[in-house]
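Down below is the structure, laid out as structure tokens.
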Amino acid sequence: MADAGNWCLIESDPGVFTEMLRGFAVDGLQVEELWSLDDDKALMKPVYGLIFLFKWRQGDEGAGVPTTKENIFFAQQVIQNACATQALINLLMNVSDPAVKLGPILTQYKEFAVDMDPATRGLCLSNCEDIRTVHNSFSRQTLFELDIKGGDSEDNYHFVTYVPIGDKVFELDGLREAPLEVADLPDGKDWVEAVRPIIQERMAKYSQGEITFNLMALVPNRQQKYQEMLEALTQANENGELDEQIADITSNIQDEERKMITYRKENARRRHNYTPFVIQLLKILAKEGKLVGLINDAYQKAEARAKKPGLNTDKTVLKLKDEEMD
């Protein structure tokens with residue numbers, strides 16, 4: 001795999017992925033975080049795909065059969081630090097819904113790379129300046145970095161995608177040479193139900209102290225869907241019988257608007273460089289003779305917390321808010 005180059009690390013967060021969709025000019029989609037595969041509220045149908053973040057380990061063979069079917073668009077990952085965008089784009093390239101518009105950036109990439117092999121598609125993606133610009137818009141602004149990694153190894157986290165194509169469910173992992181066929185889809189079977197045991201089995205491979213995952217779903221743009229529902233209900237509400245449903249839909253639209261505002265604020269904070277503020281604050285505290293005392297107090301509190309039995313031992317949460325580290 002080539003050097004990381006100019007591709008930054010990206011945090012696993014639905015706000016980040018949803019804003020990436022907006023950056024690519026994709027219309028009709030958003031990303032929702034799932035706390036479980038039974039989360040019907042988050043899983044607004046249809047579910048176009050799942051993005052799964054897990055701790056990568058050498059020798060993980062997956063639970064499927066490699067396939068070279070031509071109806072699957074799959075690009076290999078040939079650079080480091082890009083697996084979040086790679087997983088999202090591999091998923092988007094296989095969405096076949098007329099209500100979803102990929103936008104000019106991804107449409108151009110797909111048309112250019114569709115007849116290439118997976119490795120060449122990956123090279124093409126890595127050299128697409130427009131895609132890299134959107135990806136790197138989430139880079140953290142820093143004046144310096146401290147190398148504080150200890151030990152001989154570090155945890156590596158990796159994104160893969162699960163997507164239904166035809167009568168099968170496939171795992172698209174950019175670190176592999178081909179997609180994996182992981183489940184059949186009999187007529188009428190919900191593909192999320194079909195992939196549930198695959199994801200659960202993958203989680204079960206890890207010891208209890210290592211269970212840190214993140215699962216997100218690519219779903220329709222909720223605000224657009226709610227707006228369509230509101231317009232239909234308003235037109236049909238001749239006698240006021242649908243007032244309660246209209247109020248509920250209006251409330252849902254407002255909730256989505258507030259959520260998107262929160263996403264924008266959080267992403268702005270991710271991009272902001274706080275280093276000058278922190279340095280200036282440290283200077284002021286040192287000048288006033290308070291810095292050493294505050295540091296000693298912090299050490300004492302940290303040691304006291306570490307001595308408490310059972311503290312921070314529950315790591316069985318389906319959640320990871322750290323950066324991806326390919």
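Basis for what follows: all heavy atoms, side chains included, without hydrogens, waters or symmetry-related copies.
- Under the 3.5 Å distance criterion, with hydrogens and angles disregarded, a donor-acceptor pair is assigned to the side chains of Ser12 and Asn214.
- Clustering ILVMFWY residues whenever any of their side-chain heavy atoms sit less than 4.5 angstrom apart, transitively, puts Leu102 in a cluster other than the one holding Leu172.
- Taken from OG1 in Thr85 to CG in Leu125, the straight-line distance is 8.0 Å, to the nearest 0.5 Å.
- In this structure, the side chains of His158 and Leu175 come closer than 4.5 Å at one or more pairs of heavy atoms.
- Rounding to the nearest 0.5 Å gives a distance of 11.0 Å between CZ of Phe73 and CG of Leu92.
- Under the 4.5 Å side-chain heavy-atom criterion for Ile, Leu, Val, Met, Phe, Trp and Tyr, Leu282 and Ile295 are members of the same hydrophobic cluster.
- Hydrophobic clustering (ILVMFWY, side-chain heavy atoms < 4.5 Å, transitive): Val169 and Phe52 are in one cluster.
- Among residues at least two apart or in separate chains, side chain to side chain donor-acceptor pair (under 3.5 Å) pairs with a member in residues 98-122 are Asp117-Thr120.
- Between Arg222 and Glu257, no side-chain nitrogen of the basic residue sits less than 4.0 Å from a carboxylate oxygen of the acidic one, so the salt-bridge criterion is not met.
- You'll find the side chain of Tyr162 reaches within 4.5 Å of the side chain of Ile199, heavy atoms only.
- Under a 3.5 Å cut-off, the side chain of Gln76 and the backbone N or O of Val78 do not form any donor-acceptor pair.
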Can you list the steps and then say if Phe54 with Val160 is a side-chain contact (heavy atoms from CB on, under 4.5 Å)?
CA-CA 8 Å; Phe54 62 98; Val160 298; 3.7 Å; yes

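- When side chains are defined from C-beta on, Met116 counts as touching Cys124, because their heavy atoms get closer than 4.5 Å.
- Taken to the nearest 0.5 Å, the CD1 atom of Ile72 stands 7.0 Å off from the CG atom of Asn94.
- Using a cut-off of 4.0 Å between Lys/Arg side-chain N and Asp/Glu carboxylate O, Glu171 and Arg202 are scored as salt-bridged.
- Look at Arg269 and Glu266 and you find no salt bridge, because none of the NZ, NE, NH1 or NH2 atoms lies under 4.0 Å from a carboxylate O.
- In this structure, Arg270 is not positioned above the aromatic face of Phe138 in the sense of NZ or CZ being under 6.0 Å from the six-membered ring centre and within 45° of the axis.
- Heavy atoms only, all atoms of each residue included: Ile105 and Gly23 are closest at CD1-O, 4.0 Å.
- Judged by distance alone, the side chains of Asp27 and Gln224 do bring a donor and an acceptor atom under 3.5 Å apart.
- Considering every non-hydrogen atom in both Ala217 and Leu34, the closest pair reads CB-CD1, 3.9 Å.
- In this structure the side chain of Met93 reaches within 4.5 angstrom of the side chain of Leu106, judged on heavy atoms.
- Between Ile253 and Glu256, the closest side-chain pair of non-hydrogen atoms is not below 4.5 Å.
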Before giving the answer on side-chain contact (heavy atoms from CB on, under 4.5 Å), spell out for Asp255 and Arg258 the whole-Å C-alpha distance, their side-chain angles and the decisive distance to 0.1 Å.
CA-CA 5 Å; Asp255 288 342; Arg258 284 191 290 267; 2.4 Å; yes

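- Here the CD1-CD distance, from Ile249 to Glu244, works out to 11.5 Å after rounding to the nearest 0.5 Å.
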side-chain contact (heavy atoms from CB on, under 4.5 Å) between Ile51 and Leu88: does it pass, once the steps are laid out?
CA-CA 7 Å; Ile51 300 172; Leu88 180 61; 4.0 Å; yes

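- For Lys69, the salt bridge (Lys or Arg N to Asp or Glu O under 4.0 Å) criterion is met by Glu181, not counting sequence neighbours.
- Inter-residue side-chain proximity for Tyr157 and Cys83 is flagged as unmet; no heavy-atom pair is nearer than 4.5 Å.
- Taking 4.5 Å as the limit, some side-chain heavy atom of Lys225 sits within range of a side-chain heavy atom of Pro220.
- Between Lys45 and Asp190 a salt bridge is recorded (basic side-chain N to carboxylate O distance below 4.0 Å).
- Leu21 and Ile261 fall into different hydrophobic clusters, where Ile, Leu, Val, Met, Phe, Trp and Tyr are joined by side-chain heavy atoms under 4.5 Å apart, directly or via other members.
- Among Gln254, Gln223, Gln30, the one residue that satisfies the side-chain contact (heavy atoms from CB on, under 4.5 Å) test with Lys259 is Gln30.
- Under a 3.5 Å cut-off, the side chain of Thr234 and the backbone N or O of Leu230 do form a donor-acceptor pair.
- Under the 4.5 Å side-chain criterion, counting only non-hydrogen atoms from C-beta, Leu29 is not in contact with Asn221.
- Closest approach of Asn81 and Trp7 over heavy atoms only: ND2-O, 3.1 Å.
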Go through the steps for Tyr299 and Lys301 under the test side-chain contact (heavy atoms from CB on, under 4.5 Å), then give the verdict.
CA-CA 6 Å; Tyr299 273 123; Lys301 290 178 181 178; over 6 Å; no

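- Taken from CG in Asp184 to CG in Asp167, the straight-line distance is 7.0 Å, to the nearest 0.5 Å.
- Nearest heavy atoms, Tyr48 versus Trp191: C-CZ2, 4.2 Å.
- Side chain of Ser126 to backbone of Leu123: a donor-acceptor contact under 3.5 angstrom is found.
- Using a 3.5 Å distance cut-off with no hydrogens or angles, the side chains of Asn237 and Asp243 do pair a donor with an acceptor.
- Using a 4.0 Å cut-off between a side-chain N of Lys or Arg and a carboxylate O of Asp or Glu, Arg271 and Glu19 qualify as a salt bridge.
- Val26 and Ile131 fall within the same hydrophobic cluster, defined by Ile, Leu, Val, Met, Phe, Trp and Tyr side-chain heavy atoms under 4.5 Å apart, directly or through other members.
- Around atom CD of Gln200, more than 12 heavy atoms belonging to other residues, nucleotides or ligands sit under 6.0 Å away.
- Taking every heavy atom of both residues into account, Gln86 and Ala75 meet most closely at NE2-O, 2.8 Å.
- For the pair Arg196 and Glu193, the salt-bridge criterion is met [side-chain N within less than 4.0 Å of a carboxylate O].
- Across Ala87 and Thr161, no two heavy atoms sit closer than the pair O-OG1, 2.8 Å.
- For the ring pair (Phe, Tyr, Trp, His ring centres under 6.0 Å) test, residues two or more places apart in sequence or in another chain that qualify with Phe17 are Phe159.
- Of the inter-residue distances, the one linking His135 atom NE2 with Ile10 atom CD1 reads 3.5 Å to the nearest 0.5 angstrom.
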